[in-house]
2 protein chains.
Amino acid sequence: MEAPNPVSENSDSKSSRTRQRILKAAAGIFRQQGYTSASLREIAESAGMQAGSLYYHFDSKEDLAEAVMDEGVAAARRSAEQALAALGGGEDALSAIEAAFRGHLAYLLEESDFAVATLRMLHQTPEAIRKRHTRKQRQFGQFYAGLFKQARRDGLIRDDFDLSALRMLLLGALNWSPEWFDEGRLTAEQLVHQLSMMMRNGLMPPRLRVVPGAATAR
Amino acid sequence: MEAPNPVSENSDSKSSRTRQRILKAAAGIFRQQGYTSASLREIAESAGMQAGSLYYHFDSKEDLAEAVMDEGVAAARRSAEQALAALGGGEDALSAIEAAFRGHLAYLLEESDFAVATLRMLHQTPEAIRKRHTRKQRQFGQFYAGLFKQARRDGLIRDDFDLSALRMLLLGALNWSPEWFDEGRLTAEQLVHQLSMMMRNGLMPPRLRVVPGAATAR
DNA sequence: GTCTATAGGTTGATAGAC
DNA sequence: GTCTATCAACCTATAGAC
């Protein structure tokens with residue numbers, strides 16, 4: 001059984017279901033325009049109300065943006081963790097990373113408003129918001145860091161890789177994908193499969209791979 | 001011998017060297033704040049003049065932004081092509097890609113104002129600018145596409161990779177790196193080395209790699 | 001809870017003196 | 001070429017009616 005209402009934190013439906021409608025509208029507008037360009041008038045219109053009415057539900061534009069960003073990271077993380085949990089636990093550590101990537105990227109490319117808005121707002125929001133948000137995003141990063149550490153413990157990532165750099169580079173490939181995905185021809189799952197093939201065996205055909213030490217016996 | 005003045009297109013120094021000063025200031029401000037938040041007053045101040053005076057050199061804020069973005073892609077491309085040319089031409093096609101990455105990333109992380117401002121402004125600029133810019137960026141993409149095609153012709157990239165997706169994923173890793181580089185401990189060159197190792201042989205130690213077909217003889 | 005009306009501030013851009 | 005001064009437009013946020 002899953003959480004009944006993904007976007008909400010407090011009580012469920014009665015009083016503030018409008019709040020969710022506003023958040024969804026804001027995510028869409030913020031995604032298109034970023035934080036600064038987006039006006040509360042536009043957001044209100046998209047939510048079917050007047051600008052002034054927003055202030056009954058949120059204290060300020062900053063508050064609204066932070067709520068969208070909170071949901072952006074939380075939902076991406078939920079999606080990654082669910083895909084990981086669906087594996088059952090019998091797989092190797094690289095498969096775990098790939099599963100998390102699959103869930104993460106599927107959310108980013110398919111239900112993207114919150115997460116993409118979050119990525120695009122990062123450098124425009126006031127510092128107070130950004131500081132808090134960076135902390136939350138780093139917690140998500142630690143989730144991935146744990147998976148990479150496990151893969152190294154299991155001998156699946158060689159010692160000459162810097163785990164932190166590797167993780168940031170790969171997550172960067174995911175985070176940037178909303179910028180070009182519309183024009184691509186592959187699904188989110190197929191994109192992760194491309195990454196997965198590269199992570200396991202590199203780009204080259206087997207006969208060309210460099211095998212530094214012993215490679216014949218065993 | 002290289003181009004004497006990287007940032008200029010027209011005649012050299014006499015009349016419009018102030019233009020370059022303004023462009024540099026604009027790149028810095030746009031990088032911090034994005035397109036919409038940045039005010040012409042701030043840019044003017046950073047360039048040591050008054051806001052009204054900018055209009056002697058540029059027709060509008062849009063114009064100024066487009067000039068910064070043009071230089072952003074042009075400089076990144078120059079840096080990638082120079083690093084590639086420095087190889088001498090005797091290397092294999094994967095080394096060519098890695099060299100271009102090295103030049104590209106060094107510019108992005110070390111002289112970054114123009115390029116990073118460009119990346120961050122993309123979704124805030126008026127559509128007319130964005131449309132023209134996308135065309136220029138796609139030309140840069142074609143430069144990389146040529147390198148990947150050559151690597152495939154040389155048998156260095158297996159047939160089960162989608163060259164376009166692979167290129168976009170790897171360039172995404174580069175483009176996202178300014179978001180986290182400040183906190184990292186590796187140089188641009190070392191980061192490319194991480195990518196390079198993964199591209200050639202994957203993450204796993206040799207003994208664990210899957211060798212699907214014949215692998216013993218030859 | 002949502003509306004209308006508006007205060008108060010900032011912005012891009014223009015005009016004209018120097 | 002650069003300055004000062006200013007306009008018109010837009011924004012966030014608040015106040016008070018309903």
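In what follows, every chain begins at residue 1, and chains take the letters A, B, ... in the order their sequences are listed. Side chains are part of it too, since the values below use all heavy atoms of this structure and drop only hydrogens, waters and symmetry mates.
Closest-nucleotide positions on DNA chain D for E42(A) and D59(A) were compared, and the one nearer the 5' end corresponds to E42(A).
Summarising the geometry, atom OG belonging to S60(B) is positioned 8.5 Å from atom CG belonging to L64(B); distances are rounded to the nearest 0.5 Å. Here the CD-CZ distance, from Q124(A) to F30(A), works out to 9.5 Å after rounding to the nearest 0.5 Å.
Atom P of nucleotide dT12(D) and atom CD of E62(A) are separated by 12 Å, given to the nearest angstrom. Atom CZ of R19(B) is separated from atom P of dT2(D) by 13 Å (rounded to the nearest Å). The CD1 atom of I129(B) sits 13 Å away from the P atom of dG12(C) (whole-angstrom rounding). Atom-to-atom, CD1 of I43(B) to C1' of dT11(C) comes out at 12 Å; the value is rounded to the nearest Å. Between the CD atom of E45(B) and the P atom of dT11(C) there is a distance of 12 Å, given to the nearest Å. The nearest whole Å value for the distance from the CG atom in L54(B) to the P atom in dT11(C) is 13 Å. We find that CZ of F58(B) is positioned 18 Å from C1' of dT14(C), with the value rounded to whole Å. Rounded to an integer number of Å, the gap from CZ of R17(B) to P of dG1(D) is 12 Å.
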What are the atom names and distances for every N/O pair under 3.5 Å that joins the protein to nucleotides 3-7 of chain C?
unit_1, atom_1, unit_2, atom_2, d
dC3(C), OP2, Q50(A), N, 2.7
dC3(C), OP2, S53(A), OG, 2.6
dT4(C), OP2, Q50(A), NE2, 3.0

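Side-chain proximity of L40(B) to dG12(C), dT2(C), dT2(D): nearest is dG12(C). Here dT2(C) is the nucleotide among dT12(D), dT11(C), dT2(C) with the atom lying nearest to any side-chain atom of T18(A).
Among the atoms of the strands shown, only primed sugar atoms or phosphate atoms (P, OP1, OP2) are found under 4.0 Å from some heavy atom of A38(B).
Between the side chain of R200(A) and the main chain of L203(B), no donor-acceptor pair closer than 3.5 Å is present. Checking side-chain atoms of K24(A) against main-chain N and O of D113(A) turns up no donor-acceptor pair under 3.5 Å. No side-chain donor-acceptor contact under 3.5 Å links R120(A) to the backbone of G34(A).
Among residue pairs with one or both ends in residues 74-103 of chain A, those qualifying as ring-ring contact (aromatic ring centres under 6.0 Å, His included) are F101(A)-Y144(A); sequence neighbours excluded.
At least one side-chain heavy atom of E127(B) sits under 4.5 Å from a side-chain heavy atom of R130(B).
For the pair Y55(B) and dA13(C), the criterion of a side-chain N or O lying under 4.0 Å from OP1 or OP2 is met.
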